[in-house]
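Here the structure comes first, spelled out in C-alpha coordinates, and everything after it is commentary.
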Amino acid sequence: MSSILLKSAKILDTESSYHLQTKDLLVEDGVITKIEDTIESADKIINRENLHVSNGFFDSSVSFGEPGFEERETLANGVTTARRSGFTGFLLNPNLDPITDTNSAVKFLQQQIDTQLIDIKPLGALTKSFDGKNLAELYDMQMAGAVGFYDFKNPIADANLFKIALQYVKSFDGLIFSYPQDRSIAGKAQVNEDEFNTYIGLKGMPNLAEELQIARDLYILEYTGGKLHIPNVSTKASVHLIKKAKAKGLKVTCSVALPHLFFSSEKLESFDSKYKILPPLRTKEDTKALKKAVKDGVISMVTCDHEPMDEEHKELEFENASYGSIGLESAFSVMNTLFGVEMASDLLSKPKTNFGLQTSKIEVNQRADLSLFDPNSEYTFQKQHIFSKSKNSMFLGESLKGNVIGSIYNDTIYEN
(Lines give C-alpha, C1' and ligand atoms only; values in the text may rest on other atoms or scores of the structure.)
Protein backbone atom coordinates (compact mmCIF):
# COMPACT_ATOMS: atom_id res chain seq x y z
CA MET A 1 0.00 0.00 0.00
CA SER A 2 1.35 3.44 -1.01
CA SER A 3 0.28 6.51 0.93
CA ILE A 4 0.55 10.28 0.47
CA LEU A 5 -0.07 12.75 3.29
CA LEU A 6 -0.93 16.41 2.77
CA LYS A 7 -0.18 18.40 5.92
CA SER A 8 -2.24 21.45 6.88
CA ALA A 9 -3.90 21.85 3.50
CA LYS A 10 -6.71 24.36 3.04
CA ILE A 11 -9.51 22.59 1.15
CA LEU A 12 -11.26 24.41 -1.70
CA ASP A 13 -14.23 22.37 -2.89
CA THR A 14 -17.74 23.83 -2.71
CA GLU A 15 -19.22 20.30 -2.88
CA SER A 16 -17.18 19.10 0.12
CA SER A 17 -18.20 19.30 3.78
CA TYR A 18 -14.60 20.41 4.43
CA HIS A 19 -14.72 23.45 2.12
CA LEU A 20 -12.44 26.26 3.39
CA GLN A 21 -11.19 24.11 6.29
CA THR A 22 -7.50 23.39 6.90
CA LYS A 23 -6.94 19.66 7.42
CA ASP A 24 -4.48 16.82 6.97
CA LEU A 25 -5.45 14.52 4.08
CA LEU A 26 -4.28 10.94 3.63
CA VAL A 27 -4.39 9.26 0.22
CA GLU A 28 -3.86 5.48 0.15
CA ASP A 29 -3.73 3.55 -3.11
CA GLY A 30 -5.44 6.37 -4.95
CA VAL A 31 -8.29 6.91 -2.48
CA ILE A 32 -8.74 9.61 0.18
CA THR A 33 -8.94 7.53 3.36
CA LYS A 34 -8.65 10.18 6.09
CA ILE A 35 -9.36 13.90 6.50
CA GLU A 36 -8.49 14.92 10.03
CA ASP A 37 -6.94 17.71 12.08
CA THR A 38 -3.74 15.72 12.49
CA ILE A 39 -2.43 12.62 10.73
CA GLU A 40 1.03 11.47 11.71
CA SER A 41 2.68 9.36 9.01
CA ALA A 42 2.69 8.17 5.39
CA ASP A 43 5.12 6.95 2.76
CA LYS A 44 5.22 10.42 1.20
CA ILE A 45 4.56 13.63 3.15
CA ILE A 46 3.90 17.00 1.52
CA ASN A 47 4.29 19.81 4.02
CA ARG A 48 4.42 23.16 2.22
CA GLU A 49 3.81 26.65 3.48
CA ASN A 50 0.32 27.91 2.60
CA LEU A 51 -0.65 24.60 0.96
CA HIS A 52 -4.08 24.64 -0.70
CA VAL A 53 -5.87 21.72 -2.35
CA SER A 54 -8.78 21.57 -4.80
CA ASN A 55 -10.30 19.05 -7.16
CA GLY A 56 -7.99 18.35 -10.08
CA PHE A 57 -7.84 21.02 -12.76
CA PHE A 58 -9.47 20.14 -16.10
CA ASP A 59 -9.18 22.12 -19.36
CA SER A 60 -11.54 22.09 -22.33
CA SER A 61 -8.94 22.87 -25.03
CA VAL A 62 -5.44 21.39 -25.09
CA SER A 63 -3.37 20.68 -28.20
CA PHE A 64 -0.25 18.52 -28.37
CA GLY A 65 1.75 17.43 -31.40
CA GLU A 66 1.85 13.63 -31.30
CA PRO A 67 1.17 12.02 -33.69
CA GLY A 68 2.49 14.08 -36.58
CA PHE A 69 3.97 17.18 -34.97
CA GLU A 70 6.26 15.79 -32.28
CA GLU A 71 8.60 18.79 -32.69
CA ARG A 72 5.86 20.84 -30.99
CA GLU A 73 5.01 18.44 -28.18
CA THR A 74 4.93 14.73 -27.39
CA LEU A 75 2.21 12.95 -25.44
CA ALA A 76 4.64 11.88 -22.71
CA ASN A 77 6.05 15.36 -22.08
CA GLY A 78 2.61 16.90 -22.49
CA VAL A 79 1.22 14.69 -19.73
CA THR A 80 4.13 15.63 -17.45
CA THR A 81 3.59 19.32 -18.24
CA ALA A 82 -0.12 19.08 -17.44
CA ARG A 83 0.41 17.22 -14.17
CA ARG A 84 3.12 19.62 -12.98
CA SER A 85 0.77 22.49 -13.87
CA GLY A 86 -1.95 21.06 -11.61
CA PHE A 87 -4.07 19.49 -14.37
CA THR A 88 -5.30 15.94 -13.94
CA GLY A 89 -7.36 15.90 -17.14
CA PHE A 90 -8.33 17.77 -20.27
CA LEU A 91 -9.97 17.52 -23.68
CA LEU A 92 -7.40 16.80 -26.40
CA ASN A 93 -8.01 18.62 -29.68
CA PRO A 94 -8.01 16.59 -32.94
CA ASN A 95 -5.52 18.84 -34.81
CA LEU A 96 -2.98 16.05 -35.26
CA ASP A 97 -1.54 14.17 -38.24
CA PRO A 98 -3.49 12.14 -39.02
CA ILE A 99 -6.44 14.20 -37.85
CA THR A 100 -8.55 12.40 -35.24
CA ASP A 101 -11.51 11.73 -37.51
CA THR A 102 -12.07 7.95 -37.22
CA ASN A 103 -12.88 5.34 -34.61
CA SER A 104 -9.38 3.88 -34.97
CA ALA A 105 -7.72 7.30 -34.49
CA VAL A 106 -9.59 7.81 -31.21
CA LYS A 107 -8.63 4.33 -30.03
CA PHE A 108 -4.99 4.91 -31.00
CA LEU A 109 -4.79 8.00 -28.82
CA GLN A 110 -6.37 6.21 -25.88
CA GLN A 111 -3.87 3.37 -26.21
CA GLN A 112 -0.98 5.84 -25.91
CA ILE A 113 -2.24 7.34 -22.65
CA ASP A 114 -1.73 5.79 -19.21
CA THR A 115 -5.12 6.33 -17.57
CA GLN A 116 -3.53 5.95 -14.15
CA LEU A 117 -1.51 9.12 -14.79
CA ILE A 118 -4.10 11.47 -16.27
CA ASP A 119 -7.66 11.70 -17.59
CA ILE A 120 -7.35 12.73 -21.25
CA LYS A 121 -10.57 12.77 -23.27
CA PRO A 122 -10.13 12.98 -27.07
CA LEU A 123 -12.23 15.21 -29.26
CA GLY A 124 -13.03 13.85 -32.71
CA ALA A 125 -13.12 15.94 -35.87
CA LEU A 126 -16.57 17.02 -37.04
CA THR A 127 -15.70 16.61 -40.72
CA LYS A 128 -13.26 14.32 -42.50
CA SER A 129 -9.78 15.86 -42.48
CA PHE A 130 -11.40 19.15 -41.40
CA ASP A 131 -12.68 19.52 -44.99
CA GLY A 132 -15.90 21.22 -43.88
CA LYS A 133 -17.91 19.14 -46.36
CA ASN A 134 -18.24 15.52 -45.20
CA LEU A 135 -19.18 14.47 -41.69
CA ALA A 136 -16.63 12.23 -39.99
CA GLU A 137 -17.46 8.95 -38.19
CA LEU A 138 -19.27 10.76 -35.37
CA TYR A 139 -21.20 7.89 -33.79
CA ASP A 140 -18.29 5.45 -34.07
CA MET A 141 -15.90 7.97 -32.52
CA GLN A 142 -18.25 8.61 -29.60
CA MET A 143 -18.54 4.87 -29.02
CA ALA A 144 -14.72 4.76 -28.96
CA GLY A 145 -14.58 7.51 -26.31
CA ALA A 146 -14.69 10.88 -28.09
CA VAL A 147 -16.40 13.51 -25.92
CA GLY A 148 -17.40 15.86 -28.74
CA PHE A 149 -16.73 16.83 -32.35
CA TYR A 150 -14.63 19.81 -33.37
CA ASP A 151 -12.80 20.96 -36.49
CA PHE A 152 -10.22 22.74 -34.36
CA LYS A 153 -10.37 26.50 -35.08
CA ASN A 154 -11.87 25.79 -38.49
CA PRO A 155 -15.35 27.34 -38.73
CA ILE A 156 -18.26 25.35 -40.14
CA ALA A 157 -19.07 27.46 -43.20
CA ASP A 158 -21.84 25.22 -44.56
CA ALA A 159 -24.98 26.05 -42.59
CA ASN A 160 -26.82 22.97 -43.85
CA LEU A 161 -23.98 20.69 -42.81
CA PHE A 162 -24.08 22.25 -39.35
CA LYS A 163 -27.84 21.70 -39.18
CA ILE A 164 -27.52 18.04 -40.24
CA ALA A 165 -24.72 17.47 -37.72
CA LEU A 166 -26.81 18.81 -34.82
CA GLN A 167 -29.79 16.70 -35.88
CA TYR A 168 -27.69 13.56 -36.31
CA VAL A 169 -25.86 13.67 -32.95
CA LYS A 170 -29.13 14.14 -31.05
CA SER A 171 -29.79 10.42 -31.52
CA PHE A 172 -26.78 9.53 -29.33
CA ASP A 173 -26.55 12.70 -27.20
CA GLY A 174 -23.47 13.97 -29.02
CA LEU A 175 -21.90 17.39 -28.59
CA ILE A 176 -20.91 19.71 -31.45
CA PHE A 177 -18.16 22.32 -31.09
CA SER A 178 -18.40 25.26 -33.50
CA TYR A 179 -15.51 27.70 -33.83
CA PRO A 180 -17.00 31.22 -34.02
CA GLN A 181 -15.61 32.83 -37.14
CA ASP A 182 -17.16 33.73 -40.48
CA ARG A 183 -14.17 33.57 -42.81
CA SER A 184 -15.91 35.53 -45.54
CA ILE A 185 -15.95 38.47 -43.10
CA ALA A 186 -12.62 37.77 -41.39
CA GLY A 187 -10.72 37.48 -44.66
CA LYS A 188 -6.95 37.31 -44.26
CA ALA A 189 -6.82 39.74 -41.32
CA GLN A 190 -4.71 38.57 -38.38
CA VAL A 191 -5.59 41.06 -35.63
CA ASN A 192 -8.67 42.75 -34.22
CA GLU A 193 -10.26 45.59 -36.18
CA ASP A 194 -9.99 48.59 -33.89
CA GLU A 195 -8.59 52.11 -33.81
CA PHE A 196 -5.32 51.02 -32.22
CA ASN A 197 -4.48 48.32 -34.77
CA THR A 198 -5.44 50.65 -37.61
CA TYR A 199 -3.05 53.24 -36.17
CA ILE A 200 -0.10 50.80 -36.14
CA GLY A 201 -0.93 49.57 -39.62
CA LEU A 202 -2.20 46.01 -39.09
CA LYS A 203 -5.17 44.75 -41.12
CA GLY A 204 -8.09 44.20 -38.78
CA MET A 205 -10.67 41.43 -38.35
CA PRO A 206 -14.04 42.87 -37.24
CA ASN A 207 -15.92 41.51 -34.24
CA LEU A 208 -18.74 40.90 -36.70
CA ALA A 209 -16.84 37.88 -38.05
CA GLU A 210 -17.33 36.14 -34.70
CA GLU A 211 -20.74 37.45 -33.83
CA LEU A 212 -22.32 36.65 -37.19
CA GLN A 213 -21.22 33.02 -36.92
CA ILE A 214 -22.51 32.72 -33.36
CA ALA A 215 -25.87 34.26 -34.30
CA ARG A 216 -26.22 31.78 -37.19
CA ASP A 217 -25.24 28.81 -35.04
CA LEU A 218 -27.65 29.72 -32.25
CA TYR A 219 -30.50 30.23 -34.71
CA ILE A 220 -29.88 26.78 -36.19
CA LEU A 221 -29.55 25.26 -32.70
CA GLU A 222 -32.96 26.69 -31.79
CA TYR A 223 -34.37 25.03 -34.91
CA THR A 224 -32.73 21.61 -34.45
CA GLY A 225 -32.28 21.19 -30.73
CA GLY A 226 -29.25 19.29 -29.52
CA LYS A 227 -26.12 20.43 -27.71
CA LEU A 228 -23.59 23.05 -28.81
CA HIS A 229 -20.32 24.27 -27.35
CA ILE A 230 -18.84 27.55 -28.62
CA PRO A 231 -15.11 27.73 -27.83
CA ASN A 232 -12.96 30.87 -27.63
CA VAL A 233 -15.66 33.53 -27.32
CA SER A 234 -13.90 36.89 -27.43
CA THR A 235 -16.30 39.83 -27.88
CA LYS A 236 -18.86 41.71 -25.82
CA ALA A 237 -21.67 41.15 -28.32
CA SER A 238 -20.93 37.41 -28.46
CA VAL A 239 -21.57 37.23 -24.74
CA HIS A 240 -24.91 39.01 -25.19
CA LEU A 241 -26.00 36.55 -27.90
CA ILE A 242 -25.14 33.51 -25.77
CA LYS A 243 -26.83 34.98 -22.70
CA LYS A 244 -30.07 35.40 -24.67
CA ALA A 245 -29.81 31.85 -26.03
CA LYS A 246 -29.40 30.43 -22.54
CA ALA A 247 -32.41 32.41 -21.36
CA LYS A 248 -34.41 30.67 -24.09
CA GLY A 249 -33.36 27.31 -22.69
CA LEU A 250 -31.01 26.32 -25.51
CA LYS A 251 -28.37 23.75 -24.60
CA VAL A 252 -25.34 25.90 -25.28
CA THR A 253 -22.09 26.30 -23.38
CA CYS A 254 -19.09 28.44 -24.20
CA SER A 255 -15.53 29.10 -23.15
CA VAL A 256 -13.13 32.02 -23.17
CA ALA A 257 -9.36 31.70 -23.46
CA LEU A 258 -7.23 33.19 -20.68
CA PRO A 259 -5.33 35.57 -23.00
CA HIS A 260 -8.60 37.33 -23.86
CA LEU A 261 -9.20 38.00 -20.16
CA PHE A 262 -5.66 39.19 -19.44
CA PHE A 263 -4.53 41.12 -22.54
CA SER A 264 -6.02 43.61 -24.99
CA SER A 265 -5.01 44.42 -28.56
CA GLU A 266 -2.69 47.20 -27.38
CA LYS A 267 -0.12 44.50 -26.66
CA LEU A 268 0.39 44.27 -30.42
CA GLU A 269 2.23 47.59 -30.48
CA SER A 270 5.45 45.57 -30.11
CA PHE A 271 4.61 43.41 -33.17
CA ASP A 272 5.72 40.46 -31.04
CA SER A 273 4.47 37.21 -32.62
CA LYS A 274 3.92 35.60 -29.21
CA TYR A 275 0.71 37.66 -29.06
CA LYS A 276 -0.59 36.22 -32.34
CA ILE A 277 -3.51 33.95 -31.49
CA LEU A 278 -6.97 33.05 -32.77
CA PRO A 279 -9.31 34.72 -32.09
CA PRO A 280 -7.12 37.85 -32.02
CA LEU A 281 -6.72 39.96 -28.91
CA ARG A 282 -9.69 42.31 -28.63
CA THR A 283 -10.32 45.75 -27.08
CA LYS A 284 -10.30 46.64 -23.39
CA GLU A 285 -14.10 46.96 -23.57
CA ASP A 286 -14.37 43.37 -24.80
CA THR A 287 -11.97 42.15 -22.11
CA LYS A 288 -14.03 43.86 -19.41
CA ALA A 289 -17.25 42.31 -20.72
CA LEU A 290 -15.69 38.83 -20.87
CA LYS A 291 -14.52 39.06 -17.24
CA LYS A 292 -18.01 40.09 -16.14
CA ALA A 293 -19.55 37.21 -18.11
CA VAL A 294 -17.24 34.75 -16.34
CA LYS A 295 -18.18 36.15 -12.93
CA ASP A 296 -21.89 36.10 -13.84
CA GLY A 297 -21.73 32.50 -15.12
CA VAL A 298 -22.72 33.34 -18.70
CA ILE A 299 -19.32 31.99 -19.75
CA SER A 300 -19.15 28.63 -18.05
CA MET A 301 -15.54 27.70 -18.82
CA VAL A 302 -12.16 29.40 -18.97
CA THR A 303 -9.51 27.57 -21.00
CA CYS A 304 -5.76 28.06 -21.22
CA ASP A 305 -6.11 27.17 -24.94
CA HIS A 306 -2.74 25.39 -24.83
CA GLU A 307 -1.34 25.32 -28.38
CA PRO A 308 2.39 24.54 -28.64
CA MET A 309 4.20 25.88 -31.69
CA ASP A 310 7.85 25.27 -32.56
CA GLU A 311 10.27 28.20 -32.97
CA GLU A 312 10.54 27.66 -36.73
CA HIS A 313 6.88 28.59 -37.17
CA LYS A 314 6.44 31.06 -34.30
CA GLU A 315 9.52 33.28 -34.06
CA LEU A 316 8.98 35.05 -37.38
CA GLU A 317 7.72 38.44 -38.54
CA PHE A 318 4.19 38.92 -37.19
CA GLU A 319 2.40 38.40 -40.51
CA ASN A 320 4.30 35.15 -41.21
CA ALA A 321 4.20 33.61 -37.72
CA SER A 322 1.80 30.81 -36.79
CA TYR A 323 -1.04 31.35 -34.37
CA GLY A 324 -1.01 29.89 -30.86
CA SER A 325 0.31 30.11 -27.32
CA ILE A 326 0.99 27.53 -24.64
CA GLY A 327 -0.91 28.03 -21.41
CA LEU A 328 -0.92 25.03 -19.06
CA GLU A 329 2.01 26.17 -16.92
CA SER A 330 0.66 29.68 -16.34
CA ALA A 331 -3.07 28.85 -16.13
CA PHE A 332 -3.50 28.77 -12.36
CA SER A 333 -1.34 31.84 -11.76
CA VAL A 334 -3.19 33.88 -14.40
CA MET A 335 -6.60 32.77 -13.14
CA ASN A 336 -5.61 33.46 -9.53
CA THR A 337 -4.29 36.90 -10.49
CA LEU A 338 -7.55 37.75 -12.27
CA PHE A 339 -10.20 36.24 -9.98
CA GLY A 340 -8.67 35.22 -6.64
CA VAL A 341 -8.06 31.71 -5.38
CA GLU A 342 -11.61 30.54 -4.63
CA MET A 343 -13.04 31.46 -8.01
CA ALA A 344 -9.87 30.37 -9.82
CA SER A 345 -9.87 26.88 -8.30
CA ASP A 346 -13.59 26.53 -8.95
CA LEU A 347 -13.28 27.54 -12.61
CA LEU A 348 -10.30 25.27 -13.15
CA SER A 349 -11.84 22.19 -11.54
CA LYS A 350 -15.47 22.36 -12.71
CA PRO A 351 -15.38 22.01 -16.54
CA LYS A 352 -15.89 18.23 -16.34
CA THR A 353 -19.50 18.77 -15.33
CA ASN A 354 -20.18 20.60 -18.61
CA PHE A 355 -19.23 17.48 -20.55
CA GLY A 356 -20.99 14.92 -18.36
CA LEU A 357 -17.70 13.44 -17.14
CA GLN A 358 -17.15 11.69 -13.84
CA THR A 359 -16.16 13.97 -10.99
CA SER A 360 -15.07 13.41 -7.41
CA LYS A 361 -15.25 15.39 -4.17
CA ILE A 362 -12.68 15.97 -1.46
CA GLU A 363 -14.27 13.53 0.97
CA VAL A 364 -13.26 10.29 2.62
CA ASN A 365 -13.55 7.24 0.32
CA GLN A 366 -13.45 9.40 -2.82
CA ARG A 367 -10.91 8.83 -5.59
CA ALA A 368 -7.88 11.12 -5.33
CA ASP A 369 -8.08 13.76 -8.05
CA LEU A 370 -6.33 16.76 -6.53
CA SER A 371 -4.44 19.93 -7.46
CA LEU A 372 -1.99 21.47 -4.98
CA PHE A 373 -0.99 25.12 -4.96
CA ASP A 374 0.06 28.22 -3.00
CA PRO A 375 -2.11 31.17 -4.04
CA ASN A 376 -0.06 33.89 -2.31
CA SER A 377 3.39 33.65 -3.89
CA GLU A 378 4.28 36.30 -6.46
CA TYR A 379 6.71 35.93 -9.35
CA THR A 380 7.53 36.89 -12.93
CA PHE A 381 6.70 34.15 -15.42
CA GLN A 382 9.88 33.16 -17.29
CA LYS A 383 11.13 30.33 -19.51
CA GLN A 384 12.40 28.47 -16.43
CA HIS A 385 8.74 27.99 -15.45
CA ILE A 386 7.88 26.28 -18.76
CA PHE A 387 7.84 22.47 -18.93
CA SER A 388 6.50 22.26 -22.49
CA LYS A 389 8.75 21.32 -25.38
CA SER A 390 7.65 24.53 -27.14
CA LYS A 391 8.17 27.86 -25.36
CA ASN A 392 5.61 30.06 -27.15
CA SER A 393 3.92 31.57 -24.11
CA MET A 394 2.16 34.94 -24.22
CA PHE A 395 2.68 35.32 -20.49
CA LEU A 396 6.49 35.46 -20.52
CA GLY A 397 7.56 38.51 -18.53
CA GLU A 398 4.20 38.97 -16.80
CA SER A 399 3.92 39.46 -13.02
CA LEU A 400 1.63 36.75 -11.67
CA LYS A 401 0.34 35.58 -8.31
CA GLY A 402 0.21 31.99 -7.09
CA ASN A 403 2.15 28.90 -8.06
CA VAL A 404 1.27 25.24 -8.52
CA ILE A 405 2.90 22.77 -6.12
CA GLY A 406 1.76 19.68 -8.01
CA SER A 407 -1.06 17.21 -8.46
CA ILE A 408 -2.26 13.83 -7.21
CA TYR A 409 -4.25 11.52 -9.47
CA ASN A 410 -5.09 7.98 -8.35
CA ASP A 411 -1.87 6.92 -6.60
CA THR A 412 0.52 9.05 -8.69
CA ILE A 413 1.99 12.36 -7.59
CA TYR A 414 3.82 15.07 -9.52
CA GLU A 415 5.50 17.65 -7.31
CA ASN A 416 7.39 20.80 -8.29
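Computed from a prediction, not measured in an experiment: that's the story for all the values here. All residue numbers refer to positions in the sequence shown, counting from 1. Below, all heavy atoms of this structure are taken into account, side chains as well, without hydrogens, waters or symmetry copies.
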Crowding at [atom1], [X] (>12 non-hydrogen neighbours, <6.0 Å):
X: Q382; atom1: CD; value: yes
X: H240; atom1: NE2; value: no
X: E319; atom1: CD; value: yes
X: K128; atom1: NZ; value: no

What about [X] and [Y], are their ring centers closer than 6.0 Å?
X: F271; Y: Y275; result: no
X: F90; Y: H306; result: no
X: F263; Y: F395; result: yes

Is any side-chain heavy atom of [X] less than 4.5 Å from a side-chain heavy atom of [Y]?
X: V294; Y: M343; answer: yes
X: I386; Y: S393; answer: yes
X: L126; Y: L135; answer: yes
X: L6; Y: I408; answer: yes
X: N354; Y: H229; answer: no
X: L96; Y: L109; answer: yes
X: N95; Y: F69; answer: no
X: I118; Y: F87; answer: no

Original post:
Do you know which of F149, F162, Y150 makes ring pair (Phe, Tyr, Trp, His ring centres under 6.0 Å) with F177?
Top reply: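 Of all the options given, the one that passes is Y150.
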
Original post:
Which of these, P279, C254, S255, sits in a side-chain contact (heavy atoms from CB on, under 4.5 Å) with V233?
Top reply: C254

**OP:** May I ask you to say whether D305 pairs ionically with K153, meaning some side-chain N is under 4.0 Å from a carboxylate O?
**Re:** yes

Original post:
When you check the gap from the basic side-chain N to the acidic O, do K352 and D119 get nearer than 4.0 Å?
Top reply: yes

Indicate the atoms forming the closest heavy-atom contact of [X] with [Y], along with that distance.
X: E378; Y: K401; value: CG-CG, 4.0 Å
X: P122; Y: V106; value: CG-CG1, 4.2 Å
X: S399; Y: T380; value: OG-OG1, 4.0 Å
X: K314; Y: Y323; value: NZ-C, 3.8 Å
X: G132; Y: D151; value: N-OD2, 4.2 Å
X: L396; Y: K391; value: CD1-O, 3.8 Å

Scan side-chain atoms only and decide if [X] and [Y] contain a donor-acceptor pair under the 3.5 Å cut-off.
X: T81; Y: E329; result: no
X: T80; Y: N77; result: no
X: N192; Y: D194; result: yes
X: N93; Y: S61; result: yes

Original post:
What distance separates N232 CG from I277 CD1, expressed to the nearest 0.5 Å?
Top reply: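 So the CG of N232 and the CD1 of I277 are separated by 8.0 Å.
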
Any donor-acceptor pair under 3.5 Å from [X] side chain to [Y] backbone:
X: S371; Y: F57; value: yes
X: S330; Y: V334; value: no
X: N416; Y: V404; value: yes
X: R183; Y: P155; value: no
X: D272; Y: K274; value: yes
X: Q213; Y: I156; value: yes
X: S300; Y: T253; value: no
X: Q21; Y: S17; value: yes
X: K246; Y: V298; value: yes
X: N336; Y: V341; value: yes

**OP:** Check the pair D101 / S129 against side chain to side chain contact (heavy atoms under 4.5 Å, CB included), numbers first and verdict last.
**Re:** CA-CA 7 Å; D101 60 1; S129 300; 3.8 Å; yes

Original post:
For K34 and D24, what are the C-alpha separation, side-chain angles and deciding distance, and is it a salt bridge (charged side-chain N to carboxylate O under 4.0 Å, His left out)?
Top reply: CA-CA 8 Å; K34 293 182 181 179; D24 287 2; over 6 Å; no

Subject >> Trace of the side chain to side chain contact (heavy atoms under 4.5 Å, CB included) decision for V191 with L281 >> reply: CA-CA 7 Å; V191 299; L281 295 176; over 6 Å; no

Original post:
Taking it one step at a time, do D310 and R72 satisfy salt bridge (charged side-chain N to carboxylate O under 4.0 Å, His left out)?
Top reply: CA-CA 5 Å; D310 55 282; R72 300 176 185 174; 3.7 Å; yes

**OP:** Please name the residue in the list K292, K236, K291 that meets the salt bridge (Lys or Arg N to Asp or Glu O under 4.0 Å) test with E285.
**Re:**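 Only one option passes, and that is K236.
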
**OP:** Measure from NZ or CZ of K163 to the centre of the six-membered ring of Y223 and say whether it is under 6.0 Å with the direction within 45° of the ring axis.
**Re:** no

**OP:** For side chain to side chain donor-acceptor pair (under 3.5 Å), just list the numbers for S2 and D43, CA-CA rounded to whole Å, side-chain angles, deciding distance to a tenth of an Å, and then say yes or no.
**Re:** CA-CA 6 Å; S2 63; D43 298 326; 5.5 Å; no

Original post:
Do K389 and E70 pass the salt bridge (charged side-chain N to carboxylate O under 4.0 Å, His left out) test, and can you show the C-alpha distance, the side-chain angles, and the key distance before you say yes or no?
Top reply: CA-CA 9 Å; K389 191 172 180 179; E70 286 82 358; over 6 Å; no

**OP:** Kindly indicate, with the supporting measurements, whether the criterion side chain to side chain contact (heavy atoms under 4.5 Å, CB included) is fulfilled by T127 and N154.
**Re:** CA-CA 10 Å; T127 64; N154 287 278; over 6 Å; no

Subject >> Residue of the set E210, K243, E211 for which side-chain hydrogen bond (donor to acceptor under 3.5 Å, both in side chains) holds with S238 >> reply: E210

Subject >> S390/E73 under side chain to side chain donor-acceptor pair (under 3.5 Å): CA gap, chis, key distance, verdict >> reply: CA-CA 7 Å; S390 295; E73 187 59 282; over 6 Å; no

**OP:** List the steps and the verdict of side chain to side chain donor-acceptor pair (under 3.5 Å) for S234 and R282.
**Re:** CA-CA 7 Å; S234 67; R282 303 294 190 182; 2.9 Å; yes

**OP:** Could you pull out all residues at least two apart from K44 that satisfy side-chain hydrogen bond (donor to acceptor under 3.5 Å, both in side chains)?
**Re:**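 In terms of side-chain hydrogen bond (donor to acceptor under 3.5 Å, both in side chains), with neighbours along the sequence ignored, K44 is linked to E415.
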
Original post:
Mind checking what makes side-chain contact (heavy atoms from CB on, under 4.5 Å) contact with N320, not counting sequence neighbours?
Top reply: L316, E317

